[in-house]
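Take a look at the structure below.
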Amino acid sequence: MGRPAAEFLKIEPAAGVVLVACAALAMLWANSPWSASYEAVWGMDISIHVGSFELHHSLREWINDALMAIFFFVVGMEIKSEIVSGELRSVRNAVAPVAGAIGGMAVPALVYAAFNAGGAGSGGWGVPMATDIAFAVGVLALFGSRIPSAAKVFLLTLAIVDDLGAIAVIAIFYTDELSMPWLAAAGAILALAIGLRVLNVWSGPVYLMVGIALWLAVLESGIHATIAGVAMGLVISAKPLLDPAAAHAKAQELAKQGLTVEETEQLARLTRDAQPPTHRLQHEHHPFSSFIVLPLFALANAGVALSGDLLATAATSAVTLGIVVGLVAGKTLGITAAVWIAVKSGAGRLPEGTTWPLLTGIAAVAGIGFTVALFITELAFHSGEAALLSDEAKIGVLAGSVAAALIGAAIVGLTAPERPTDTTA
């Protein structure tokens with residue numbers, strides 16, 4: 001395993017625990033004697049005025065549109081790293097997780113569509129497509145070194161490709177209206193970012209200003225603003241600015257006679273530039289994304305005021321049932337079947353040390369939707385009359401994710417090797 005994947009896998013289990021705590025807190029808050037304050041806080045209006053220009057959003061919308069752009073920026077860099085130097089670089093290694101991701105998106109969407117064809121909730125077909133990386137990797141982490149490291153990387157790669165699919169779905173299918181002038185401005189700003197990348201401009205403040213401008217243009221264009229985060233993540237280089245061997249040789253030369261202050265600063269620059277910018281920026285932003293952005297998102301979006309009537313409605317709701325069955329059965333069937341076809345056709349191969357029963361358990365774990373599933377819920381059912389559908393969908397996401405975690409953990413526990421399969425996990 002590469003260092004970025006190893007560090008990623010260390011962060012995700014802890015992030016999953018924090019997400020669970022924040023989701024539970026949101027549910028407790030929304031169903032407590034202080035439930036009125038839940039909507040009062042997250043529905044609080046926050047406006048920014050610059051001359052005649054105004055941005056007018058609730059606190060929840062600022063989290064969903066602005067802070068989540070940071071999360072998707074990290075996702076974009078993860079995708080870029082996988083393509084350049086990870087599992088997606090090798091076609092043979094990439095086939096199985098890519099096929100699994102496609103099957104794991106298509107089958108749950110079809111299951112949901114079968115439950116909701118022609119109904120009021122038909123637009124929510126994208127909700128059960130998502131896999132939550134933090135929760136899924138966190139469940140596998142419970143089994144320690146019993147899980148082959150190749151299987152963990154398989155799940156990580158599958159979830160990243162799944163994220164890419166979810167991003168495409170958000171951009172294409174959950175965009176209401178387009179403003180062509182703003183869309184053209186976003187295209188021009190993105191072209192500027194790519195031009196800076198080609199010219200080897202690596203000033204952080206410059207890219208920050210370009211990123212903010214791109215976010216604003218995408219937000220005003222009608223496409224969801226988080227797409228700007230993904231685009232900027234894909235622009236960042238996944239190759240080091242300096243050849244690591246040359247940087248190492250230069251560092252050794254500097255250290256021979258002791259280091260002056262200037263040489264120490266030069267050594268720090270050599271260390272920084274010998275790392276791929278995507279690796280360095282992921283290392284800087286991933287903890288903030290995992291422990292600040294996503295917990296705030298969970299607090300703002302996971303709170304559903306439960307009542308007997310709502311639970312009774314959800315129990316028979318096509319929206320709730322479509323999501324639960326899609327996440328639990330659709331994900332397991334879609335991923336397992338797609339990987340089986342890829343392996344049996346000779347195009348791909350199973351992760352090293354992974355059996356078919358264990359792969360089925362991993363596929364079930366991938367049914368934990370949560371973060372991106374809740375995110376798409378907010379996009380699919382955002383109008384006033386869709387409030388009930390939104391609550392039903394959130395109950396489906398929470399119930400389906402918990403069921404997928406328990407079922408997946410049970411299957412993995414029964415099928416994972418009793419002894420550690422390697423020492424690299």
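Bear in mind that the values here come from a model prediction, so they are computed numbers and not experimental data. Numbers here are sequence positions counted from 1.
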Side-chain touch [X]/[Y], heavy atoms, less than 4.5 angstrom:
X      : Y      : result
Thr226 : Phe71  : no
Val402 : Leu398 : no
Leu358 : Pro148 : yes
Pro357 : Ile411 : no
Phe154 : Val339 : yes
Leu55  : Leu216 : yes
Phe135 : Val20  : yes
Ile170 : Leu379 : yes

Quick check: does any side chain N or O of [X] sit under 3.5 Å from a backbone N or O of [Y], one acting as donor and the other as acceptor?
X      : Y      : result
Asp391 : Val304 : no
Tyr207 : Arg197 : yes
Thr278 : Ile236 : no
Ser345 : Ala342 : yes
Thr354 : Leu350 : no
Arg60  : Gly43  : no
Ser401 : Phe370 : yes
Ser122 : Asn116 : no
Tyr174 : Gly123 : yes

From [X] atom [atom1] to [Y] atom [atom2], the distance as rounded to the nearest 0.5 Å:
X      : Y      : atom1 : atom2 : answer
Ile147 : Ile362 : CD1   : CD1   : 6.0 Å
Glu39  : Met44  : CD    : CE    : 11.5 Å
Ile341 : Ile102 : CD1   : CD1   : 11.0 Å
Leu59  : Asn64  : CG    : CG    : 9.5 Å
Asp132 : Leu294 : CG    : CG    : 7.5 Å
Glu78  : His279 : CD    : NE2   : 11.5 Å

May I ask you to check whether over 12 heavy atoms, not counting those of Trp340, lie within 6.0 Å of atom CH2?
no
Counting heavy atoms not belonging to Glu284, are there more than 12 under 6.0 Å from its CD?
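Atom CD in Glu284 is packed in, count exceeds 12.
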Going by side chain to side chain contact (heavy atoms under 4.5 Å, CB included), name the residues that satisfy it together with Ser47, two or more places apart in sequence or in a different chain.
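With sequence neighbours excluded, Ser47 shows a side chain to side chain contact (heavy atoms under 4.5 Å, CB included) to Asp45, His49, Glu54, His56, given in chain and number order.
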Salt bridge check, Asp162 against Lys331: does any charged N sit closer than 4.0 Å to a carboxylate O?
yes
Could you tell me which non-hydrogen atom of [X] sits nearest to which non-hydrogen atom of [Y], and how far apart they are?
X      : Y      : result
Pro295 : Ser290 : CD-O, 3.2 Å
Asp65  : His224 : OD1-NE2, 2.9 Å
Ala217 : Ile189 : CB-CD1, 4.0 Å
Leu140 : Leu155 : CD1-CD2, 3.4 Å
Ala298 : Ala23  : CB-N, 4.2 Å
Leu190 : Ala231 : CD1-CB, 4.0 Å

Test side chain to side chain contact (heavy atoms under 4.5 Å, CB included) on Lys394 and Glu378; report intermediate values, then the result.
CA-CA 9 Å; Lys394 288 180 180 180; Glu378 289 294 318; 2.9 Å; yes
Sub-6.0 Å ring centroid separation between Tyr112 and Trp125
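No, too far apart.
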Can a donor-acceptor pair be found between the side chains of Ser81 and Gln282 at a distance below 3.5 Å?
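Their side chains do contain a donor-acceptor pair, which is all the 3.5 Å distance test asks for.
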Apply the test side chain to side chain contact (heavy atoms under 4.5 Å, CB included) to residues Trp62 and Trp42: give CA-CA distance (whole Å), side-chain angles for both, the deciding distance (0.1 Å), then the verdict.
CA-CA 10 Å; Trp62 278 110; Trp42 303 115; over 6 Å; no
Aromatic plane relationship, Phe297 with Phe375 - under 30° parallel, 30 to 60° tilted, over 60° perpendicular:
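Tilted: the ring planes of Phe375 and Phe297 meet at 30° to 60°.
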As a quick check of understanding, evaluate side chain to side chain contact (heavy atoms under 4.5 Å, CB included) for Leu296 and Leu67, giving each step before the final call.
CA-CA 9 Å; Leu296 281 173; Leu67 280 184; 3.8 Å; yes
If you apply the rule side chain to side chain contact (heavy atoms under 4.5 Å, CB included), what do you find for Val206 with Leu196, and how did you get there?
CA-CA 9 Å; Val206 169; Leu196 292 171; 3.7 Å; yes
